[in-house]
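Everything below concerns the one structure shown next.
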Amino acid sequence: MPELPEVENYRRRFESCALRRRIAGVEVTDARILHETTERALREGLAGARFVSTRRHGKHLFAEATSGAWLYLHFGMTGDLYCGADPPRFSRFVVRFVKGELLAFEDMRLFGRVGLLSDPDSFVARKRLGLDPLDESFGRTRFEERLTRRRGSIKALLMNQAVIAGLGNLWVDEILFQSGIDPRARVERLSGPSRRRIFDAMRRILRLAIARQESDRPMPPHYLIENRTAGAACPRCGAGNLRRTVIAGRTTYFCPVHQLSSRA
DNA sequence: ACATTGACCTGAGAGC
DNA sequence: TGCTCTCAGGTCAATG
């Protein structure tokens with residue numbers, strides 16, 4: 001699940017659960033999730049401290065502690081943040097507070113990561129992450145720049161974290177669905193108006209998704225994400241039937257009628 | 001330099 | 001009920 005909207009809501013949950021509470025200790029229940037750190041380093045960096053701020057870049061979450069260290073969380077394919085009294089079933093990393101509930105990083109499939117950083121900015125630079133699509137400095141012009149001299153399918157490009165940080169399989173499908181662009185369309189052949197439609201849809205959809213998830217409401221019924229079923233009538237144009245295929249190695253749903261390729 | 005593919009993990013859900 | 005099979009929303013190293 002965890003693409004940009006999900007991670008943004010994890011960030012908010014992190015703040016309401018963990019901010020300003022004194023950390024009693026931490027536990028690593030599966031060391032395979034550790035990113036360039038050890039349980040001991042996490043304990044030394046966090047025990048006795050408090051979290052004072054959070055940041056998100058794409059799908060990456062950072063939390064600053066009073067010790068000066070930053071906790072780093074990436075949620076992989078099945079990661080989640082849980083706030084409560086007892087660790088959930090697939091809990092891999094737990095922060096216990098002196099008062100209040102504990103914060104657990106759960107991740108069934110172990111693709112997620114937990115680390116300790118001195119500075120999120122240098123992490124973002126080292127990882128060569130692209131701009132976050134909700135960053136205020138990320139406008140249409142910057143988006144156009146990111147697309148120039150790129151080739152391949154628009155879907156693969158939007159999922160490339162070095163181009164734009166935060167989009168994954170589901171929300172890329174949604175963005176192209178709402179923009180009316182065939183996910184197989186070649187980037188180098190996309191017209192200016194098509195690129196603009198993609199950028200505008202990206203902003204609009206991500207903001208809506210964050211708000212809906214925060215209040216635990218589904219996306220509107222004419223959104224693809226509520227209708228990922230092969231053969232179903234297209235919930236947007238009504239004329240096509242949703243097709244399921246593989247693009248850029250990922251399962252892809254699209255409407256062959258309103259998502260045009262050639263003239264896109 | 002850039003795009004594409006397979007491997008990494010584990011469990012849920014479908015089908016028999 | 002229980003077995004087997006397929007699939008999963010991310011990333012990285014290796015390949016073209």
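From a predicted model like this one, the values you see are computed outputs, not experimental measurements. Values reported hereafter were calculated over all heavy atoms of this structure, with side chains retained and with hydrogens, waters and symmetry mates removed. Reminder, nothing fancy here: chain letters follow the sequence lines and each chain counts from 1.
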Give me each pair satisfying disulfide (SG to SG under 2.5 Å) with a member in residues 59-110 of chain A, each pair once, sequence neighbours excluded. A:C17-A:C83
Tell me the disulfide (SG to SG under 2.5 Å) pairs involving residues 97-205 of chain A, sequence neighbours left out? none
Measure up the A:F199 and A:F143 rings against each other and bin them: parallel (under 30°), tilted (30 to 60°), perpendicular (over 60°). tilted
Near DNA chain B, under 4.0 Å by heavy atom, which residues of residues 108-115 of chain A? A:M108, A:R109, A:L110, A:F111
For DNA chain B, the residues among residues 210-218 of chain A that have a non-hydrogen atom under 4.0 Å from it: none
Check whether any side-chain N or O of [X] sits under 4.0 Å from OP1 or OP2 of [N], and answer yes or no.
{"X": "A:Q161", "N": "C:dT11", "result": "yes"}
{"X": "A:R151", "N": "B:dT4", "result": "no"}
{"X": "A:T251", "N": "C:dA8", "result": "yes"}

Suppose you measure atom P in B:dA12 against the same atom in C:dT11; what distance do you get, rounded to whole Å? 23 Å
Nearest to side-chain heavy atoms of [X], which nucleotide of [options]:
{"X": "A:R244", "options": "C:dG9, B:dA3, C:dA8", "value": "C:dA8"}
{"X": "A:R150", "options": "C:dT11, B:dC2, B:dA12", "value": "B:dC2"}
{"X": "A:N169", "options": "B:dA12, C:dA8, C:dG10", "value": "C:dG10"}
{"X": "A:R32", "options": "B:dT4, B:dT10, C:dG9", "value": "B:dT10"}
{"X": "A:H74", "options": "B:dA3, B:dC9, C:dT11", "value": "C:dT11"}

Check A:R109, A:R89, A:R13 against A:D80 for a salt bridge (Lys or Arg N to Asp or Glu O under 4.0 Å) and give me the one that passes. A:R13
From A:R55, A:K127, A:R126, residue fulfilling salt bridge (Lys or Arg N to Asp or Glu O under 4.0 Å) relative to A:D121: A:R55
To the nearest Å, give me how far apart [atom1] ([X]) and [atom2] ([N]) are.
{"X": "A:L170", "N": "C:dA8", "atom1": "CG", "atom2": "C1'", "answer": "10 Å"}
{"X": "A:N160", "N": "B:dT5", "atom1": "CG", "atom2": "C1'", "answer": "15 Å"}
{"X": "A:I33", "N": "B:dT10", "atom1": "CD1", "atom2": "C1'", "answer": "15 Å"}
{"X": "A:R92", "N": "B:dG11", "atom1": "CZ", "atom2": "P", "answer": "7 Å"}
{"X": "A:H57", "N": "C:dT11", "atom1": "NE2", "atom2": "P", "answer": "12 Å"}
{"X": "A:L73", "N": "C:dG10", "atom1": "CG", "atom2": "P", "answer": "17 Å"}
{"X": "A:L129", "N": "C:dG10", "atom1": "CG", "atom2": "P", "answer": "14 Å"}

Name the stems that DNA chain B belongs to, where each is three or more consecutive Watson-Crick or G-U pairs with both distances under 3.5 Å? B:2-8 with C:10-16, B:10-16 with C:2-8
Could you check whether [X] gets within reach of a base, just the sugar-phosphate, or nothing at all, counting any heavy atom under 4.0 Å?
{"X": "A:F75", "value": "nothing"}
{"X": "A:R89", "value": "sugar-phosphate"}
{"X": "A:G168", "value": "sugar-phosphate"}

Do A:H57 and A:F123 have their ring centres less than 6.0 Å from each other? no
So, for A:H74 and A:F111, is the gap between ring centers shorter than 6.0 Å? no
Polar pairs (N or O, both sides) under 3.5 Å between protein and nucleotides 12-16 of chain C?
from	atom 1	to	atom 2	distance (Å)
C:dC12	OP1	A:K127	NZ	2.7

Test log, rule side chain to side chain donor-acceptor pair (under 3.5 Å), inputs A:R217 and A:S215: CA-CA 6 Å; A:R217 286 176 301 156; A:S215 53; 2.9 Å; yes
Any link between A:V26 and A:V114 through a network of hydrophobic side chains (Ile, Leu, Val, Met, Phe, Trp, Tyr) touching at under 4.5 Å? yes
What is the minimum heavy-atom distance between A:Q259 and A:D182, and which atoms define it? O-CB, 3.6 Å
Side-chain donor or acceptor of A:R250 under 3.5 Å from a matching atom on the base of C:dG10? yes
